[in-house]
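This report refers to the structure that appears directly beneath it.
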Amino acid sequence: MTRPILQVEGLAVELRGEAGTAQILDDVTFHVPAGGSLGIVGESGCGKSTLLRAILGILPKGAETPRGSILFEGRDILSDRAASARGRIGFVPQDPYLSLNPVFRAGDQILEIMRRHAPGSRRDHRAKIVELFRAVQLPDPEAALAKYPHQFSGGQRQRLLIAAALACDPSLLVADEPTTALDVTTQREILSLLRGLAADRGLALLFVTHDFGVLASVCDRVTVLYAGRVAEGGPTRTVLDAPQHPYTRMLLACHPDRATDLAGIPGTVPAATAQPSGCRFHPRCPIVRGSCAESPPQTVTEGDRVVACPFHAEPILA
Amino acid sequence: MARYILRRVLLALPALFGLVILTFVLSRVVPGDAAATLAGDAATPAQIADIRARYGLDRPIMEQAAIHVRQVLTGDFGRSIFSGRPVAEEIIQRLPATLELTFVALFLATVIGIPLGLLAALDHNGPIDHLVRLLSVGGLAIASFWLAIMLQLVFSMDLDVLPLRGRMDVALGQPARVTGSMLIDSLLAGRLDMFVDACRHLVLPAVTLALPGLATIARFTRSGVLETLQKDFVLYARAAGYGRVRLAAIYVLRNAVNVTVTQIGLLFGALISGAVAVEAVFDWPGLGTYAVQAILSADYKALLAVTLVVGVVYAVVNVAVDVVQALIDPRVAEEHR
Ligand SMILES: Nc1ncnc2c1ncn2[C@@H]1O[C@H](COP(=O)(O)OP(=O)(O)OP(=O)(O)O)[C@@H](O)[C@H]1O
Ligand SMILES: [Mg+2]
């Protein structure tokens, strides 16, 4: 097995705020193999974006001292800022409408990234950007350099941001729900573009989504987060076909595409400032035991799957 | 862009025309019987009638208005009641001094105020932020004539490092008049010594005049930057790996200053009226002192001319502000197409 390009070990992020300390991530462990693709799924507020912010080194104020480690290409980028992987990790944000600076030309915004993280002259950089614009199928790549963000459509802006993410020849692409702000047709185009680029360039992909359809079409592996902890992880196909953790099982059951019933999961995701003791899912769990409230569940590893529930073999009775 | 500028200029014209009409109405309303005022207290009815005929005050009001407009458009403001000299000539003599003072003050306020506001925002609730807040409250609260006198006491009287009043040392003479701006004329004349002296004379009045503007500019920049820092594109830029300093000083600031630029345009009016007090204290031969003199001697022709000229300058400055905003934010020019 090749060494993973990204290895997250025991990552914990706490956010100190006026309302007390929020445990946003706790003991998160997963890895992305070189050239592979991992999807992170979970309900809104479970800490997906925070996880990406930890990887990109831009945690919010009050969360400056995360625990654990994030190894990128073998170096810990969490504790050692100097080893920062800026440029080597390309980032595709969620909202193409709000992520570009409205008063600067598209080309200049990408040049600014390359100025610090890519070798070569400004002229080289321009040529590189035009080439990338071509690769992401932006119409009229030369002219696009001098255009302002509002002169592009949403799909084109997302292409632009993908080009920006590729500008410094990254080995890992990190994307935070990159298609949620787009219409369905555009979504499909962007996804196939991302898949194609990753394959062509041998890029590894870390892909945040809450859409199982997207997940299945893009990622070979998946990690399911619940309230800041890993619930389950493994190859996408096996997890989707045979989910083990009660949370994943219920989540998949209420997903409209594969719904067996649409009841949804009773209860809501706990607030980050008031996490339940023991297993964080226990107040909503259909197969809860007395011991679930006492201590965090043991993680069970079976082949290439992990599941944070010792009772995962129990059937869920409706 | 050219079309946008043209549109802005055309939009300014009706306002200026309105100002011309307003000055006409004021000139007929304010002095009561203008002819009587002109003729003076001791005039006989015959003399007043004579003046009325001579100034066209006996003609129908619409005709008078037309004449007024024509005179203003040709730059004919009549003669000063106080000095007897043509008002236009006196204004041309004095306007450059005021413009030089206000532009230097505005420049100082901008180049100091914007960085201060930026630093304050980046240090939100930190020591720099508190210092800037103190400064901006102080800058707005301090009366400029008091500050002017204090500065004179300290820097001219006690320390004797800066001149007390005037625009140039008498011993140096004056550069040949081209633009009326001492800074420009002394450079055109190739007299560096005069240029330096003109700068030294400008320091105290310009600082006095700049302080309230600086406070306003710093405050608006601060809040603009704070607002911009919350935007998604700032987080994205950090994630993408922009340098901290360049991100703040270029990418955030350019989004944040549009409100400030609007304020700078509005400030210009405040600066010109502020110049009245400052010019008086520093014996600055500008429009402010001229206006004060005109008020004291009820020289309404001079006053109307000053009003018009300030109005024109104000309109020009505001067109300039619109253009600067369009340069800063490309969406501005497109929205107004
Ligand atoms: N800057 C911040 N300040 C305060 N709380 C924050 C901040 N960022 C995130 N949080 C909190 O951290 C938790 C996780 O947020 P995060 O944005 O990582 O969730 P997410 O999984 O990305 O959700 P979504 O699917 O809605 O994007 C939430 O409870 C949120 O309220
Ligand atoms: Mg998110």
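A, B, ... follow the sequence lines: proteins, then strands. Residue 1 opens every chain. Keep in mind the model is a prediction, meaning the values are calculated, not measured.
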If you count heavy-atom pairs within less than 4.5 Å of chain B, which of A:Arg53, A:Gln94, A:Glu112 leads? A:Glu112

Polar side-chain atom of B:Arg331 near backbone of A:His150 as donor-acceptor pair, under 3.5 Å: no

How many angstroms lie between atom CG of A:Leu100 and atom CG of B:Asp232, to the nearest 0.5 angstrom? 11.0 Å

Measure distances from A:Pro102 to the heavy atoms of chain B and classify the residue's part below 4.5 Å as side chain, backbone, both or neither. both

Contact part of A:Arg115 toward chain B, heavy-atom cut-off under 4.5 Å: side chain, backbone, both or neither? side chain

Please rank A:Leu52, A:Ile113, A:Asn101, A:Val174 by heavy-atom pairs under 4.5 Å with chain B and give me the top one. A:Asn101

For chain A, find which of B:Ala239, B:Ala237, B:Pro330, B:Ala240 contributes the most heavy-atom pairs closer than 4.5 angstrom. B:Pro330

Under the criterion side chain to side chain contact (heavy atoms under 4.5 Å, CB included), which of A:Leu98, A:Ile58, A:Leu56 is the partner of B:Leu235? A:Ile58

Which bit of A:Gln109 is near chain B, if near means a heavy-atom gap under 4.5 Å: side chain, backbone, both or neither? both

When the 4.5 angstrom heavy-atom criterion is applied to A:Phe104 and chain B, the contacting part is side chain

Check B:Tyr251 against A:Asp108 and note the closest heavy-atom contact, atom names and distance. OH-O, 3.8 Å

Taking every heavy atom of B:Ile328 against every heavy atom of A:Val103, the minimum-distance pair comes out as O-CB, 3.5 Å

Taking all non-hydrogen atoms of both residues into account, name the closest pair between B:Tyr236 and A:Ser99 and its distance. CD2-O, 3.3 Å

Rounded to the nearest 0.5 Å, what separates atom CZ in A:Arg116 from atom CZ in B:Arg246? 10.0 Å

Shortest non-hydrogen pair, A:His117 vs B:Gly241, comes out as NE2-O, 2.8 Å

